[in-house]
Amino acid sequence: MVEFDEQVPLHTPAIEYSNPELAAKYPLMHLTYHDRMNVHTQHCDCPALHAVQMEQTLQINPVDAEARGIAHGDVVRLFNDRGEAKMTAFVTEGIMPGVTAAQAGWTPEHVLGGSHQYLSHLTLSPAEEHYSQTNSAFNDIMIEVEKA
C-alpha cells in the first residue's frame with residue numbers, strides 16, 4: 001500500500017460522503033447493518049421472528065425526522081439518483097443526525113416498495129482495486145428521505 005501512502009491503516013473519507021455536490025443534493029448518509037434477526041436473507045420468513053419484526057424499517061434521528069415532517073411509524077420514501085425504497089420510519093436517538101440505517105437481509109417482498117439495495121453503488125477506490133477487496137457500498141450511500 002506504499003504507493004497509496006497507506007503503509008499503516010488510516011481513515012479515508014467515504015467516496016460519496018466526501019463529494020460536496022452529492023452531499024448537498026442527498027444530505028443523509030445511509031448504511032445497512034446486520035441485526036440479530038437475520039443472517040442475510042435466511043430468517044426473514046421465520047414465523048417465530050415475525051412477533052418481533054415483519055418488515056425492514058428505516059432508522060432516522062428525531063432531528064432529521066422533524067426537519068422532514070416525519071413521525072415514528074410514518075411510511076417514508078428514501079431515494080437518490082439510482083433508485084428508491086419505501087419503509088416505515090423508526091425515529092430514534094439511537095442513530096446520529098445526518099445518518100439513516102436499515103437492517104440488511106430483507107428481500108423486496110418485505111419492503112413497502114423498491115429496495116434499499118437499489119440505492120447502492122459500486123464505485124471503487126484505487127486502493128480497493130489494488131488489494132482486490134472490493135465490495136458493495138453498504139456504508140457510503142447518500143440519500144434523501146421524505147414522507148411517502
Side-chain angles (χ1 to χ4, degrees), residues 1 3-6 9-45 49 52-148:
M1 297 303 293
E3 67 185 88
F4 298 96
D5 201 24
E6 294 185 18
L10 61 105
H11 170 77
T12 54
I15 293 171
E16 285 206 349
Y17 182 76
S18 60
N19 178 333
E21 290 178 18
L22 190 62
K25 187 174 181 180
Y26 301 111
L28 299 171
M29 178 181 269
H30 180 66
L31 56 97
T32 61
Y33 66 93
H34 293 283
D35 68 356
R36 296 177 288 169
M37 291 266 300
N38 298 331
V39 177
H40 303 290
T41 59
Q42 199 166 12
H43 302 295
C44 62
D45 279 327
L49 293 176
V52 178
Q53 186 173 351
M54 290 186 63
E55 67 183 46
Q56 188 180 37
T57 58
L58 179 75
Q59 294 181 17
I60 187 168
N61 185 277
V63 171
D64 296 321
E66 184 178 340
R68 291 162 176 80
I70 296 168
H72 185 77
D74 283 348
V75 175
V76 295
R77 175 180 171 253
L78 45 156
F79 63 95
N80 60 23
D81 289 342
R82 291 181 291 271
E84 68 177 58
K86 290 182 181 175
M87 298 179 197
T88 302
F90 188 92
V91 179
T92 176
E93 291 185 11
I95 191 160
M96 63 189 284
V99 178
T100 64
Q103 311 85 3
W106 292 97
T107 56
E109 58 269 14
H110 296 98
V111 181
L112 299 176
S115 171
H116 69 104
Q117 294 175 355
Y118 299 164
L119 306 168
S120 189
H121 63 87
L122 187 56
T123 304
L124 308 176
S125 75
E128 288 174 320
E129 284 280 2
H130 178 72
Y131 55 75
S132 299
Q133 295 295 318
T134 58
N135 205 337
S136 296
F138 296 120
N139 299 302
D140 179 27
I141 305 166
M142 300 307 293
I143 66 166
E144 181 56 283
V145 176
E146 65 185 12
K147 196 170 178 179

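Everything quoted here is computed from the prediction, not taken from an experiment.
For E144, the salt bridge (Lys or Arg N to Asp or Glu O under 4.0 Å) partners two or more places apart in sequence, or in a different chain, are R68.
Atom OH of Y17 sits in a sparse spot, with 12 or fewer heavy atoms from other residues, nucleotides or ligands closer than 6.0 Å.
Here the closest heavy-atom approach between residue P62 and residue V91 is recorded as CA-CG1, 3.6 Å. When all heavy atoms of M96 and D64 are compared, the closest pair comes out as O-OD2, 4.3 Å. Taking all atoms of both residues into account, the shortest heavy-atom contact from A71 to A89 is O-CB, 4.0 Å. Heavy-atom minimum distance, N61 versus E93: ND2-CA, 4.1 Å. Among all heavy-atom pairs drawn from I143 and T100, the shortest one is CD1-OG1, 3.4 Å. Closest heavy-atom contact between V145 and F79: N-CE2, 4.4 Å.
Checking side-chain atoms of N80 against main-chain N and O of G83 turns up a donor-acceptor pair under 3.5 Å. Under a 3.5 Å cut-off, the side chain of R77 and the backbone N or O of A148 do not form any donor-acceptor pair. For the pair Q56 (side chain) and Q103 (backbone), a donor-acceptor distance under 3.5 Å is present. Panel note: side chain H30, backbone I141; no donor-acceptor pair is recorded below 3.5 Å.
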**Prompt:** Which is it for Y26 and D81 under the side-chain hydrogen bond (donor to acceptor under 3.5 Å, both in side chains) test, yes or no, and what are the steps along the way?
**Reply:** CA-CA 9 Å; Y26 301 111; D81 289 342; 2.4 Å; yes
**Message:** Applying side chain to side chain contact (heavy atoms under 4.5 Å, CB included) to E16 and L22, what does each step give before you reach the verdict?
**Reply:** CA-CA 7 Å; E16 285 206 349; L22 190 62; 3.6 Å; yes
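The closest side-chain heavy-atom distance from H72 to F90 is below 4.5 Å. A heavy-atom distance below 4.5 Å is not found between the side chains of L28 and V99. Side-chain contact between L119 and R82: absent, with no pair of heavy atoms (C-beta onward) separated by less than 4.5 Å. Two residues are said to be in side-chain contact when any heavy atoms from C-beta on lie closer than 4.5 Å; L112 and T88 meet this criterion.
To the nearest 0.5 Å, the span separating CD on E146 from NZ on K86 amounts to 9.0 Å. Between the CG atom in L31 and the CD atom in Q59 there is a gap of 8.5 Å [rounded to 0.5 Å].
Salt bridge E66/K147: absent, no basic N to carboxylate O contact under 4.0 Å.
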